[in-house]
Chemist: 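Before I ask anything, here is the structure I am working with.
Here the structure is a predicted model, which is why all the values come from computation and not from measurement.
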Amino acid sequence: MNTQTHNQAGFAEATGPTAATSGPMTPPGAPSPGAPAPRIAEETGTSLGTAGSPAEAVDRKGRPLAVVPGRVPWLELGIFAVIAFGLAWVACLPLWISGEGLSNVVAVQLYGALMMFTPLIASIVASIVQRRRARARGEILASVPRYFGIWPLRRFGRVIWMSIAAFFGIMALVVLGYFLSAAFGWLSLDLTGLSGFKQQMATLPGLDSVPIGLAVIGYLLIMVISSVVTVFVAIGEEFGWRGWLLNSLRPLGAWPALLIVGAVWGLWHAPLILLGYNFGRPDITGLGLMVGGCIMVGILFGWLRLRTGSVWPAVFAHAGLNGSAGMLMILLIDAAASSPDPALTMILGVSGWIVSAVVIVVLVATGQFRRQPELGIKKTPPAEAAPQPIAQAQND
């Protein structure tokens, strides 16, 4: 969840097959004595024989290294949707039956946080069913951590640095969205006087004597720390959306999977959006705005998943967005201006759509969506061939 202003908050969230889709496979037999061990191609999860021909690679337990399933698990997708959507409504039901709606900010944050774990629960149940049905068909799937993009973190540098870049990069996109809104006249900013920020400081006792520069630095540090803490709840969504759901849809193709996940993600927010959350439009228009925003931002989050093979960059991007959008608005807004329309100024609104579209076009133009590695495993050194007996060598 991200808070835009005191009374305006936003869930900010939002994934396609690898170049070669791997089908179901069974573990191959042990290599014959003296045969050279296959080389593991860490980037793609495939193995190459001695002649360089592609072969299906498996881990030490006989599970395929390729994570894309051979088929779309439609039954399991239905189970996932029913559980995720159903539990989301259950989590937010107190807001509906109490009659308070969004007036109790603490309750909204609490039930919204609980809601964020429903995709995780749904993905766990769907994954259990998926694997039982696969075993019944004699199929073997990649290990659960690899399928979800959780572990191993290889290549470690790629996952870590992309997570850091995603965490701060999404904050930069939020700021760009505010600048774009100001350029279109949708939002009034006060970049020199920081009147909105000063007004907020005035409500906190003891801060009126703090130098403005020091106050801004402290404010930004609090924003970063709160965003890091938000990682723990962002896991609840991202393990579901970009972890299990996106990967399960990848047999359809990268772009169909990205668009479907974004649309489902947006519709999942209905229990809050229909109360007026995010856009102040408790109707189908508010839900439509949320779907559009989740599709655009979801493509970026999904690209992080596909480009690194890991769900963690998407988790940190989600946390960075939720933890920064509202606080950055307070820092930059002009206190004397009228309240902006979130449908235009939010990262999930029109300005965010434009900023996200520009980034997506750049990624497509540079071929970034074609690079879809998988999490690697630690390479096992090839076994040395056993020396032949002298007598046998003389007879050959």
Chemist: Would you mind reporting whether P256 and L249 have side-chain heavy atoms less than 4.5 Å apart?
Modeler: no
Chemist: With the side chain counted from C-beta on, respond yes when L245 and F80 share a heavy-atom pair under 4.5 Å apart, and no when they do not.
Modeler: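 Sidechains of F80 and L245: in contact.
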Chemist: Kindly list each side-chain donor-acceptor pair under 3.5 angstrom involving residues 161-176, sequence neighbours excluded, with atom names and distances?
Modeler:
unit_1	atom_1	unit_2	atom_2	d
S163	OG	V159	O	2.7

Chemist: Keeping the roles fixed (side chain from D283, backbone from G286), state whether a donor-acceptor pair exists under 3.5 Å.
Modeler: yes
Chemist: Within this structure, what is the OG-CG distance for the pair S338 and L187, rounded to the nearest 0.5 Å?
Modeler: 9.5 Å
Chemist: What's the verdict on side chain to side chain contact (heavy atoms under 4.5 Å, CB included) for I299 and L259, showing C-alpha distance, side-chain angles and the deciding distance?
Modeler: CA-CA 7 Å; I299 291 174; L259 296 175; 4.1 Å; yes
Chemist: Check G236 against F117 and note the closest heavy-atom contact, atom names and distance.
Modeler: CA-CD2, 3.8 Å
Chemist: State which residues pass side-chain contact (heavy atoms from CB on, under 4.5 Å) with I97; sequence neighbours excluded, sorted by chain then number.
Modeler: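 Scan of I97 (side-chain contact (heavy atoms from CB on, under 4.5 Å), adjacent residues dropped) gives L93.
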Chemist: Quick one, R250 with V72, criterion side chain to side chain contact (heavy atoms under 4.5 Å, CB included). Give me CA distance, side-chain angles, the key distance, then yes/no.
Modeler: CA-CA 8 Å; R250 288 175 71 182; V72 176; over 6 Å; no
Chemist: Look at the side-chain heavy atoms of Ile, Leu, Val, Met, Phe, Trp and Tyr, link any pair under 4.5 Å apart, and say whether I79 and F239 land in one connected group.
Modeler: no
Chemist: In a check of ring pair (Phe, Tyr, Trp, His ring centres under 6.0 Å) between W241 and each of F148, W268, F301, which one passes?
Modeler: W268
Chemist: What is the distance from atom CD1 of I333 to atom CD of Q199, rounded to the nearest 0.5 Å?
Modeler: 9.0 Å
Chemist: Is there a side-chain contact between N278 and L348 (heavy atoms, below 4.5 Å)?
Modeler: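 Yes, side chains in contact.
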Chemist: What I want to find out is whether R133 reaches E139 closely enough, with some N-O distance under 4.0 Å, to be called a salt bridge.
Modeler: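 Not counted as a salt bridge, because no side-chain N and carboxylate O are separated by less than 4.0 Å.
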Chemist: Side chains of W312 and E238 only: does a donor on one sit below 3.5 Å from an acceptor on the other?
Modeler: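 E238 and W312 do not have a side-chain donor-acceptor pair below 3.5 Å.
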Chemist: Quick one: closest heavy-atom pair of P94 and A91, and the distance?
Modeler: CD-O, 3.5 Å
Chemist: Please report the shortest heavy-atom distance between A335 and S195, naming the atom on each side.
Modeler: N-OG, 2.9 Å
Chemist: Determine, stepwise, if the pair F85 / L267 fulfils side chain to side chain contact (heavy atoms under 4.5 Å, CB included).
Modeler: CA-CA 9 Å; F85 280 66; L267 291 171; 3.9 Å; yes
Chemist: Taking G309's backbone N and O only, do any of them form a donor-acceptor pair with R305's side chain (distance below 3.5 Å, no angle check)?
Modeler: yes
Chemist: Answer yes if the side chains of W151 and S310 hold a donor-acceptor pair under 3.5 Å, and no otherwise.
Modeler: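 There is no such pair between these side chains.
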Chemist: Return the minimal non-hydrogen interatomic distance between G323 and S226, and the atom names on each side.
Modeler: O-OG, 4.0 Å
Chemist: Can you check whether V67's main-chain N or O pairs, donor with acceptor, with R146's side chain at less than 3.5 Å?
Modeler: no
Chemist: Please say yes or no: joined through hydrophobic side-chain contacts below 4.5 Å, possibly via intermediate residues, are V264 and I121 part of one cluster?
Modeler: no
Chemist: I need the L331 CG to L189 CG distance, nearest 0.5 Å.
Modeler: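 Spacing of CG (L331) from CG (L189) equals 10.0 Å.
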Chemist: Are M116 and V90 in one and the same hydrophobic cluster, where Ile, Leu, Val, Met, Phe, Trp and Tyr link if side-chain heavy atoms are under 4.5 Å apart?
Modeler: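 In one cluster with M116: V90, no.
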Chemist: Does a donor on one side chain sit under 3.5 Å from an acceptor on the other, for R307 and Q372?
Modeler: no
Chemist: Looking at R137, I'd like to know if its CZ atom is crowded, meaning that more than 12 non-hydrogen atoms belonging to other residues, nucleotides or ligands lie closer than 6.0 Å.
Modeler: yes
Chemist: Would you check if the side chain of Y277 reaches a backbone N or O of H269 as a donor-acceptor pair within less than 3.5 Å?
Modeler: no
Chemist: Nearest 0.5 Å, please: how far is CH2 in W89 from CG in L274?
Modeler: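 Rounded to the nearest 0.5 Å, the CG-CH2 separation comes to 5.0 Å.
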Chemist: Is it true that a side-chain atom of N247 and a backbone atom of Y147 form a donor plus acceptor pair closer than 3.5 Å?
Modeler: yes
Chemist: Identify the two heavy atoms, one from L194 and one from L191, that lie closest to each other, and give their separation to 0.1 Å.
Modeler: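 Heavy atoms only, the tightest pair is CD2-O, 3.9 Å.
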Chemist: Side-chain heavy atoms under 4.5 angstrom apart, residues restricted to Ile, Leu, Val, Met, Phe, Trp, Tyr: same cluster for W96 and I284?
Modeler: yes
Chemist: Ignoring hydrogens and geometry beyond distance, is a side-chain donor-acceptor pair present between N322 and T230 at under 3.5 Å?
Modeler: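 Absent: no donor and acceptor within the cut-off.
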Chemist: Will you find, in the side chains of S181 and T345, an N or O donor that is under 3.5 Å from an N or O acceptor?
Modeler: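 Distance-only check fails for S181 and T345.
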Chemist: I'd like to know if the side chain of T118 reaches the main chain of M115, judged simply by a donor and an acceptor atom lying under 3.5 Å from each other, with no hydrogens or angles considered.
Modeler: yes
Chemist: Would you indicate whether the side-chain heavy atoms of L275 and P282 approach each other to under 4.5 Å?
Modeler: no
Chemist: So does L180 get a backbone contact from the side chain of S351, meaning a donor-acceptor N/O pair under 3.5 Å?
Modeler: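 Here the side-chain-to-backbone pair does not exist.
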Chemist: Measuring from atom CG of L304 to atom NE2 of H318, what distance do you get when rounded to the nearest 0.5 angstrom?
Modeler: 12.5 Å
Chemist: Salt bridge between R242 and E237, side-chain N to carboxylate O under 4.0 Å?
Modeler: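 No.
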Chemist: Taking the side chain as everything from C-beta on, heavy atoms only, tell me whether L375 gets closer than 4.5 Å to T308.
Modeler: no
Chemist: Could you check whether the rings of F197 and Y219 sit parallel, tilted or perpendicular, using 30° and 60° as the cut-offs?
Modeler: perpendicular
Chemist: Using the test salt bridge (charged side-chain N to carboxylate O under 4.0 Å, His left out), find all partners of R281 that sit at least two apart in sequence or belong to another chain.
Modeler: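 With sequence neighbours excluded, R281 shows a salt bridge (charged side-chain N to carboxylate O under 4.0 Å, His left out) to D341, given in chain and number order.
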Chemist: Please test M327 against S227 for side chain to side chain contact (heavy atoms under 4.5 Å, CB included), starting from the C-alpha separation and ending with a verdict.
Modeler: CA-CA 11 Å; M327 295 187 71; S227 298; over 6 Å; no
Chemist: Between V350 and F184, is there a side-chain heavy-atom distance shorter than 4.5 Å?
Modeler: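 Of all side-chain heavy-atom pairs linking V350 with F184, none is under 4.5 Å.
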Chemist: What are the two closest heavy atoms between G112 and L272, and how far apart are they?
Modeler: CA-CD1, 4.4 Å
Chemist: Less than 4.5 Å apart, side chain to side chain, heavy atoms only: is that true for R158 and P373?
Modeler: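 Heavy-atom side-chain distance check passes, below 4.5 Å.
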Chemist: Would F369 and W255 count as a ring-ring contact (aromatic ring centres under 6.0 Å, His included) if you check the C-alpha gap in whole Å, the side-chain angles of each, and the deciding distance to 0.1 Å?
Modeler: CA-CA 9 Å; F369 281 89; W255 285 101; 4.8 Å; yes
Chemist: Taking the side chain as every heavy atom from C-beta outward, state whether L220 and M223 have any atom pair closer than 4.5 Å.
Modeler: yes
Chemist: Cluster question for you: counting only ILVMFWY and a side-chain heavy-atom cut-off of under 4.5 Å, with indirect links fine, are I83 and V261 together?
Modeler: no
Chemist: About how many Å separate SG of C92 and OH of Y111, when rounded to the nearest 0.5 Å?
Modeler: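 So the OH of Y111 and the SG of C92 are separated by 10.0 Å.
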